[in-house]
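Contents: one structure, followed by commentary.
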There are 2 protein chains.
Amino acid sequence: MNATQTLKNFDLRHTNGREEVLNLFLGADHALSHGDIENGLGPDHDRVTIYRTLRTFLDKGILHKVLDDGGNPKYALCRETCAEGNHHHDHVHFKCEDCGQTTCLDQVIIPVVALPNGYSRKEMNLLIQGVCQECNK
Amino acid sequence: MNATQTLKNFDLRHTNGREEVLNLFLGADHALSHGDIENGLGPDHDRVTIYRTLRTFLDKGILHKVLDDGGNPKYALCRETCAEGNHHHDHVHFKCEDCGQTTCLDQVIIPVVALPNGYSRKEMNLLIQGVCQECNK
DNA sequence: GTAACTGCAAAATATTTGCATCCTT
DNA sequence: AAGGATGCAAATATTTTGCAGTTAC
């Protein structure tokens, strides 16, 4: 997955800011908040543009919002399994209570749970909180 | 479950505001946001006090934070299954994409999912999005 | 050239803190 | 009486909007 190519794939113009944000996500193994991105990019990036970039990426389906117990939203790339035409909507995220990082557990599959009558399901998000591999050492 | 008694149980002073907030939750079958509470209580309630009331209830374990896909956090009562001494931490919530309401599905149990090696779990939150009973009619 | 994107200023919204006053116990 | 809770003002943080100027295509 390459930033420039991705932008092209999604019919977005190539700009410095977008490329840098994408690369941040490509290099991260955990979900990023708006603040993480601001820090990761260095000082000469406009806060507003980052907001707009994130929204654009969300709209296009490049990123998805990650549920967190805390206040502020985080974002992560939609990986392999939800690429073009096969965009599935189940996500499992792990929030480490020690280091605070939220990781996408792409390999974990949410078992089917029975819903009460009359409910229909479209998307599922499972957030597991605990202690991660690193912090358990 | 009774407001006055609940406050006593949790070693909290009985005040008008707290009782009214608790009653709102007792009468609601879905999770409430700060805004919902402000509306539900009428105009002569201080926004700041509501913030503090919510935090107090969270700290005491009377309420729990409900994960939502949207921006703003919601809250719901900890019901039967997580009463005194048996406070378990798995929650299933259903967010209807039509009416926007988030409901706690207390009866639904999250199946055990296998975590990668080294991870330990403490708490799980499952958010299912779809269409609810009412809106499916 | 044109539409899309950015950057700045400012508005709107959300949340927290300080402090004097009031109320519960 | 004493400590906790409230209400108001104000500080802080977060997100959105408007608009002029710039850039990708």
Side-chain angles (χ1 to χ4, degrees), chain A residues 2-24 31-75 100 102, chain B residues 2-25 31-63 65-75 100 102:
Chain A
N2 159 292
T4 305
Q5 188 56 43
T6 303
L7 289 173
K8 199 165 290 177
N9 287 347
F10 284 94
D11 269 321
L12 290 173
R13 291 199 175 169
H14 178 282
T15 69
N16 257 359
R18 287 177 177 174
E19 168 148 7
E20 288 179 52
V21 171
L22 257 184
N23 279 329
L24 256 192
L32 303 176
S33 67
H34 180 105
D36 295 333
I37 295 167
E38 238 178 292
N39 294 336
L41 289 183
D44 47 336
H45 283 264
D46 191 54
R47 198 179 283 94
V48 176
T49 301
I50 298 178
Y51 276 112
R52 288 194 270 228
T53 302
L54 286 176
R55 188 180 329 183
T56 303
F57 286 179
L58 273 186
D59 289 348
K60 289 285 181 174
I62 300 176
L63 295 178
H64 63 271
K65 197 178 275 198
V66 174
L67 300 175
D68 199 4
D69 64 318
N72 59 341
K74 299 188 172 190
Y75 306 88
T102 304
Chain B
N2 160 292
T4 305
Q5 189 55 44
T6 303
L7 288 173
K8 199 165 292 175
N9 287 349
F10 284 93
D11 270 319
L12 290 173
R13 292 202 175 167
H14 178 280
T15 69
N16 258 359
R18 286 176 176 174
E19 167 147 10
E20 287 178 52
V21 171
L22 258 185
N23 279 329
L24 256 192
F25 277 103
L32 303 176
S33 67
H34 180 106
D36 294 335
I37 294 167
E38 231 176 308
N39 295 336
L41 290 182
D44 46 335
H45 283 264
D46 190 55
R47 197 179 282 95
V48 175
T49 302
I50 298 179
Y51 276 111
R52 288 195 270 229
T53 302
L54 286 176
R55 187 180 329 187
T56 303
F57 287 178
L58 273 186
D59 289 349
K60 288 287 182 175
I62 300 176
L63 296 177
K65 197 177 275 201
V66 174
L67 299 176
D68 199 3
D69 65 318
N72 58 342
K74 299 188 171 190
Y75 306 89
T102 303

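The sequence lines fix the lettering, A, B, ..., with proteins before strands; numbering per chain opens at 1.
As a whole-Å value, the separation of A:Asn16 CG from D:dC25 P is 11 Å. For the pair B:Leu58 CG and C:dT15 C1', the interatomic distance rounds to 14 Å; values are reported in whole Å. A:Leu7 has its CG atom 9 Å from the P atom of D:dC25, to the nearest Å. In this structure, the CZ atom of A:Phe10 is 17 Å from the P atom of D:dC25, given to the nearest Å. Taking atom CG of residue A:Leu41 and atom C1' of nucleotide C:dT6, one finds them 14 Å apart after rounding to whole Å. We find that CD1 of A:Ile37 is positioned 14 Å from C1' of D:dT14, with the value rounded to whole Å. Here the P atom of nucleotide C:dC22 and the CZ atom of B:Arg18 are 19 Å apart, to the nearest Å. Here D:dA24 presents its P atom at 14 Å from NZ of A:Lys8, a figure rounded to the nearest Å.
Judged by distance alone, with hydrogens and angles left aside, the side-chain atoms of B:Lys60 form a donor-acceptor pair with the main-chain N or O of B:Phe10 at under 3.5 Å.
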Legend entry - From CA spacing to verdict: side-chain contact (heavy atoms from CB on, under 4.5 Å), B:Thr15, B:Leu7: CA-CA 9 Å; B:Thr15 69; B:Leu7 288 173; over 6 Å; no
Legend entry - Step-by-step ring pair (Phe, Tyr, Trp, His ring centres under 6.0 Å) determination, A:His64 to A:Tyr75: CA-CA 6 Å; A:His64 63 271; A:Tyr75 306 88; 9.1 Å; no
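Distances were taken from every side-chain heavy atom of A:Leu12 (C-beta onward) to each of C:dC5, C:dT15, D:dG3; the shortest belongs to C:dC5.
The closest side-chain heavy-atom distance from B:Ile37 to B:Leu54 is below 4.5 Å.
Other residues, nucleotides and ligands contribute more than 12 heavy atoms inside 6.0 Å of the CG atom of B:Asp59.
The side chain to side chain contact (heavy atoms under 4.5 Å, CB included) check on B:Thr53 picks up B:Arg18, B:Val21, B:Thr49, B:Phe57, with sequence neighbours excluded.
For the segment residues 44-54 of chain A, the set of residues with a heavy atom within less than 4.0 Å of an atom of DNA chain D comprises A:Arg47, A:Val48, A:Tyr51, A:Arg52, in numerical order.
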